2 protein chains.
Amino acid sequence: MKGERVVCPVDVTLNLINKKWCIQIIRDMFFGKKHFNEFKEDKPNLSNKVLSNCLKELEEKGLIEKLVLNTTPVTTEYCLTEYGKSMNRIVYELAMFTLYDENDNTYSDETRNELKNMFREVLEIDY
Amino acid sequence: MKGERVVCPVDVTLNLINKKWCIQIIRDMFFGKKHFNEFKEDKPNLSNKVLSNCLKELEEKGLIEKLVLNTTPVTTEYCLTEYGKSMNRIVYELAMFTLYDENDNTYSDETRNELKNMFREVLEIDY
DNA sequence: CGGGATCCGGATGGATACTG
DNA sequence: CAGTATCCATCCGGATCCCG
């Protein structure tokens, strides 16, 4: 950053979520997904191995928690820690970047507004 | 996202910056860096090839502009487009995630406050 | 000096099959 | 359902050489 060689806080944050699918998985958790196979929905390119590694890393970094509820059959739930939940603003701004882009024609005006409200609610954004 | 199969705006945004060094390069541009070799400072693992590809992709996606100022010797400047500048809030929240983390002991309280102010100023954040 | 081209080993990602 | 094992493809990082 500057002459003093202070580590940039952006780099510190990015080190937590540097794996390809981390943010999408965290986003999914905000939207209520909890199970291994749920995270794979809508992500045809996400393989078991990569998802497994990603969840493991997010757990090691303290962003998510793994709860094993049952043994036969195995039932596992993943959920965000408080630390993980504090990523809400990052996810929010990632969404708003596209939702406030005038030149983006992905959505109708109606869908765009619905999405804005949905993200504000789910991510508990109050500003 | 939901039953209607609307593309998630987070995914749309992430498609723009999915390459490993994209965000750091955009961050650097906010802090005034313009030249190829400037982006490599503080990034010992970033090779010419990867940086070159990354800049090319950011240009294709409309986030940055490449200006060739001179031919002999070549002088090239990279700068953010308005579209790229609208990433300011994303970069801001990435920084604040670490700067507001009570358990993070990377910085002294003084440095932490200096960094908060610096990012707010450089990124022109008014909230 | 500001890059681009190439080669190469290692890390990461993806597809499929299989197990408790 | 929640992974593991395996194999293959792709990307990354480092070195080096090149060109204007």
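These figures come from a predicted structure and were not determined experimentally. The sequence lines fix the lettering, A, B, ..., with proteins before strands; numbering per chain opens at 1. Values below: every heavy atom of this structure, side chains too, minus hydrogens, waters and symmetry copies.
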**Prompt:** Just wondering, do A:Trp21 and A:Ser47 contact through their side chains at under 4.5 Å, heavy atoms?
**Reply:** no
**Message:** Just verifying a value: how many Å separate A:Cys54 SG and A:Ile26 CD1, rounded to the nearest 0.5 Å?
**Reply:** 8.0 Å
**Message:** Tell me which residues in residues 17-25 of chain A lie within less than 4.0 Å of DNA chain D, going by non-hydrogen atoms.
**Reply:** none
**Prompt:** Out of curiosity, A:Lys40 NZ to A:Asp28 CG, how far, rounded to the nearest 0.5 Å?
**Reply:** 13.5 Å
**Request:** Report, as yes or no, whether the 6.0 Å neighbourhood of atom CD on B:Glu124 holds more than 12 heavy atoms from other residues, nucleotides or ligands.
**Result:** no
**Item:** Value rounded to 0.5 Å, distance of CD in A:Glu60 from CG in A:Leu16
**Value:** 12.0 Å
**Request:** Sequence neighbours left out, what pairs pass ring pair (Phe, Tyr, Trp, His ring centres under 6.0 Å) with at least one residue falling in residues 49-91 of chain B?
**Result:** A:Phe97-B:Tyr83
**Bending between helix ends of the helix from C:dC1-D:dG20 to C:dG20-D:dC1 [5 pairs per end, 10° resolution]** = 40°
**Outermost DNA chain D nucleotides near chain A [under 4.0 Å, heavy atoms]** = D:dC1 to D:dC7
**Prompt:** Does B:Ile25 reach the side chain of B:Lys33, with side-chain heavy atoms less than 4.5 Å apart?
**Reply:** no
**Prompt:** Contact class for A:Lys66 (heavy atom, under 4.0 Å): base, sugar-phosphate, or nothing?
**Reply:** sugar-phosphate
**Prompt:** For the residue pair B:Tyr127 and A:Tyr127, does the interplanar ring angle fall in the parallel (under 30°), tilted (30 to 60°) or perpendicular (over 60°) class?
**Reply:** parallel
**Prompt:** Roughly how far apart are A:Phe30 CZ and A:Arg27 CZ, rounded to 0.5 Å?
**Reply:** 11.5 Å
**Message:** Categorize B:Tyr78 for me: base, sugar-phosphate, or nothing, with a 4.0 angstrom heavy-atom threshold over every strand shown.
**Reply:** sugar-phosphate
**Selection: residues 43-64 of chain B, any non-hydrogen atom under 4.0 Å of DNA chain C** = B:Asn48, B:Lys49, B:Ser52
**Prompt:** Which distance, rounded to the nearest 0.5 Å, do you find between the CZ of A:Phe39 and the OG of A:Ser52?
**Reply:** 12.0 Å
**Request:** Take atom CD of B:Glu77 and atom P of C:dG2, then tell me their distance rounded to the nearest Å.
**Result:** 11 Å
**Asked** CG of A:Leu55 to NZ of A:Lys19: how many Å apart, nearest 0.5 Å?
**Response** 11.5 Å
**Message:** Restricting to side chain to side chain donor-acceptor pair (under 3.5 Å), what partner residues turn up for A:Thr71, sequence neighbours left out?
**Reply:** none
